[in-house]
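Some notes on the structure that comes next.
Every chain is numbered from 1, with letters handed out A, B, ... down the list of sequences.
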There are 2 protein chains.
Amino acid sequence: MAGSGEPRWLEKDELAAWMSLAALTFKLPGVLDYQLQRDSGLTHFEYLVLAGLSESPGRSRRMSDLAGFANGSLSRLSHVVKRLEQRGFVERRPAEDDGRITVATITDSGYEILVAAAPGHVATVREYVVDALTPEQIAQLKVIADQILAKIDPDKSC
Amino acid sequence: MAGSGEPRWLEKDELAAWMSLAALTFKLPGVLDYQLQRDSGLTHFEYLVLAGLSESPGRSRRMSDLAGFANGSLSRLSHVVKRLEQRGFVERRPAEDDGRITVATITDSGYEILVAAAPGHVATVREYVVDALTPEQIAQLKVIADQILAKIDPDKSC
DNA sequence: CCCAGTTAGTTGACGCTTCAAGTCAACTAG
DNA sequence: CTAGTTGACTTGAAGCGTCAACTAACTGGG
């Protein structure tokens, strides 16, 4: 698909909204990563991985789950978890009942890093996103983002 | 900043909206890049660079301008333009009046690539973003994104 | 049982982005 | 006019993500 004939061009306001969204997807990750990296030595993705583990039963989660939670590919997660393991923030071991499955667990030192990183990260999210919007806009944003996400992967119902 | 005392935690719905937006900023770029790469051998950033040049007077623009337009750092742009130049899609030369300035120009072959890429790209934007939303939501999205962007770089008024 | 097929995860190479350092041109004060 | 500073890029190295290939473990039909 995506190439047959002449697709409907974007209206002026559609284009403007898209350009704003595109700018956002380029710039927001940079802001988040910069703050986390500077203050805690973590990327946003690493933060999400640690956060995902910390709020799971037994502070553990299988790789595929975690990848879904952190919005990344399994391959990406595998690389990241290897590095986090080398830094002593997580551990990995195969599941007992199914040897194909790898279960990652956050360590105490990983948990400490996460707890130390959280306030600054939350403050940044607040500063750039939440406090920039009205409560009504926050509600709108969630609906909008979820509708787009539903198009991207239709299954993963949240 | 971003670390003094105990910052206000996120409310449940604030957190939910943020997680949706975060998921979006992780996944949307992948979708866009994938389509453009597969169908035209371009990244979204490269596409924006070519598009920015094509709609500028003389099909030319100085590097800093272009970096701002394409939402990237000057360094990133410099690398990308070098590669695009090697592929024959753009040319570079110093400005006549100020030798520090580099002016990039899209070539005919670059323009062809862009024109060939555009329909598929627009169709993708339509499929995943524009058609997922109501006209009202599109208007909301623009306002929301612009407000967040204004926090990120307060000067760059559009 | 056993082998083909599927599922889960890992790995290495390659390309891209970032960061810090470097270049060169243009002001600017003495 | 020249020494120092600022501005506009460019460059190289280092780190991260993606893709394709690979390994290992389970599953299911014959």
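Across the interface with DNA chain D, nearest-nucleotide mapping of A/E96 and B/K82 shows B/K82 to be the residue nearer the 5′ end. Each of A/R100 and A/F45 was matched to the nucleotide of DNA chain D holding its nearest heavy atom; the match closer to the 5' end belongs to A/F45.
Counting only distance, with no hydrogens or angles, the side chain of A/R61 and the backbone of A/A104 share no donor-acceptor pair below 3.5 Å. Of the possible donor and acceptor atoms, none in the side chain of A/E85 sits under 3.5 Å from a partner among the backbone N and O of A/E91.
Rounded to whole Å, atom C1' of D/dT10 lies 15 Å from atom CD1 of B/I101. We find that CG of A/L66 is positioned 14 Å from C1' of C/dA8, with the value rounded to whole Å. Atom CG of B/D98 is separated from atom P of C/dC24 by 16 Å (rounded to the nearest Å). Here the C1' atom of nucleotide C/dA8 and the CZ atom of A/R92 are 13 Å apart, to the nearest Å. If you take CG of B/D97 and C1' of D/dG7, they are 14 Å apart, rounded to a whole angstrom. Atom CZ of B/R93 and atom C1' of C/dA25 are 18 Å apart (whole Å). Between the CZ atom of A/R62 and the P atom of C/dT7 there is a distance of 12 Å, given to the nearest Å. Between A/R61 atom CZ and C/dA8 atom C1' there is a gap of 17 Å when expressed in whole angstrom units.
A search for side-chain hydrogen bond (donor to acceptor under 3.5 Å, both in side chains) contacts involving B/T25 returns nothing, not counting sequence neighbours.
If you run side chain to side chain contact (heavy atoms under 4.5 Å, CB included) between B/L66 and each of B/T102, B/L77, B/V90, only B/L77 comes through.
At D/dT10, one or more side-chain N or O atoms of B/T102 fall inside 4.0 Å of OP1 or OP2 (strictly under the cut-off).
Within 4.0 Å (heavy atoms only), B/R83 reaches at least one base atom of the nucleic acid.
For the residue pair B/D33/B/T43, the side-chain donor-acceptor check at 3.5 Å is not satisfied.
Summarising the local packing, OH of B/Y111 is surrounded by 12 or fewer heavy atoms from other residues, nucleotides or ligands at distances under 6.0 Å.
Using a 4.5 Å heavy-atom threshold, the side chains of B/M19 and A/F69 count as touching.
Residues of residues 72-80 of chain A that place a heavy atom closer than 4.0 Å to DNA chain C, in numerical order, are A/L74, A/S75, A/S78, A/H79.
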